[in-house]
Amino acid sequence: MTKIAVCVCSGGIDSTIAATIASHEGYELHFFHASYGQRAEDREKETVKKIARYLGAKDLKLAEIPFLKELGGSALTDIKREVPVAEEVNLDVEKETPSTWVPCRNLILLAHASAYAEVIGAEALSVGFNAEEARSYPDNELEFVKRYNVVLEKAVASFSQPPVVKAPLVQLLKPAIIKKGVEVEAPLHLTYSCYFGEEKHCGICESCLHRRRGFKDAGVEDPTEYMH
Ligand SMILES: [Zn+2]
């Protein structure tokens, strides 16, 4: 019987590697991307389409969640707020909530992806949550995954089998993630990480800085062209 995974994918390195791992595990891939007013949403959508095609996905759902944009409260969704760059970015443990935090984003995205999984009878939800992001964003922690999986048991219909969130990178930092990506032959060259959504990566936002440092510390050649 076909095993199905819904791959929650932003087009970045982590979710792309997680989807590649699900593919190796024999899942039929159904991609899910959400636009919630993030600056890079159009670039992300284009990127996810390429990745889904590359990995032979069966389907791709592009969800629109405009409420998060209306709500604001994040430098990613509110253009009046500045996205920190270069030395304004603290890549490791934060002392306060980063301005790029999007309120309850992973919970909201997973809720949408879970509904999709229930409708198509998917067994798994593939996510790129990881230990590097978890330093600043608690919705990347293993504990979040475990608790969400418990909630899912009561979130689907009585006669539906609840899907299980699988986060194969949850214990890993970026260099180990990139090594894993090379090992599973993930299409890292297709991925896009920048918060700004320009054609080329800026090279100095938090997401670009994590990406750059990850490749460097992994000793893997970085295929990315950076503006700065
Ligand atoms: Zn950037």
Side-chain angles (χ1 to χ4, degrees), residues 8-19 33-52 54 62 65 68-69 72-103 105-106 109 127-137 139-140 169 172-182 186-228:
V8 181
C9 188
S10 64
I13 287 175
D14 313 310
S15 53
T16 299
I17 295 173
H33 174 268
S35 295
Y36 48 89
Q38 71 272 41
R39 293 165 189 252
E41 62 183 13
D42 292 336
R43 187 77 50 197
E44 286 185 14
K45 272 191 274 194
E46 289 314 307
T47 304
V48 172
K49 282 181 194 168
K50 287 181 202 160
I51 292 164
Y54 184 94
L62 300 172
I65 311 177
L68 280 177
K69 183 174 176 66
S74 168
L76 292 193
T77 55
D78 181 351
I79 51 163
K80 294 192 290 298
R81 293 190 179 208
E82 299 262 338
V83 172
V85 291
E87 57 281 349
E88 295 158 6
V89 176
N90 182 359
L91 276 192
D92 297 307
V93 181
E94 294 281 351
K95 292 186 190 70
E96 55 186 23
T97 305
S99 62
T100 44
W101 166 255
V102 179
R105 178 182 57 186
N106 286 353
L109 263 50
V127 297
F129 301 169
N130 62 84
E132 184 138 337
E133 299 269 324
R135 287 170 166 173
S136 313
Y137 305 104
D139 57 0
N140 268 262
L169 313 176
L172 304 182
L173 296 174
K174 214 61 142 193
I177 292 170
I178 287 173
K179 284 182 189 164
K180 186 85 189 162
V182 171
L188 298 178
H189 62 288
L190 296 179
T191 61
Y192 183 87
S193 305
C194 184
Y195 283 154
F196 290 102
E198 301 293 338
E199 190 178 347
K200 287 182 189 164
H201 285 74
C202 77
I204 50 174
C205 72
E206 181 192 328
S207 189
C208 282
L209 291 170
H210 277 292
R211 181 181 177 102
R212 284 181 113 143
R213 188 175 73 172
F215 275 105
K216 185 166 172 279
D217 291 354
V220 172
E221 195 187 336
D222 188 346
T224 321
E225 204 181 323
Y226 297 103
M227 288 195 282
H228 299 283

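As the structure lists them, so they are numbered: ligands from 1, and atoms in each ligand from 1. Numbers here simply count residues along the sequence, with the first being 1.
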Open item on the list: For the backbone of Arg39 and the side chain of Tyr195, can you confirm whether one donor and one acceptor N or O come within less than 3.5 Å of each other?
Closed with: no

message = Check whether Glu132 reaches the backbone of Lys174 with its side chain - one donor and one acceptor, N or O, closer than 3.5 Å.
response = yes

query = Is the shortest distance from a Lys or Arg side-chain nitrogen in Arg43 or Glu46 to a carboxylate oxygen in the other one below 4.0 Å?
reply = no

Check your understanding: Once the angle between the rings of Tyr226 and His201 is folded into 0 to 90°, is it parallel (under 30°), tilted (30 to 60°) or perpendicular (over 60°)?
Key -> perpendicular

The number of protein N, O or S atoms lying under 2.8 Å from the Zn ion (ligand 1) is 4

side-chain hydrogen bond (donor to acceptor under 3.5 Å, both in side chains) filter on Asn140, not counting sequence neighbours, yields none

The side-chain hydrogen bond (donor to acceptor under 3.5 Å, both in side chains) partner of Tyr137 among Thr100, Thr97, Asn106 is Thr100

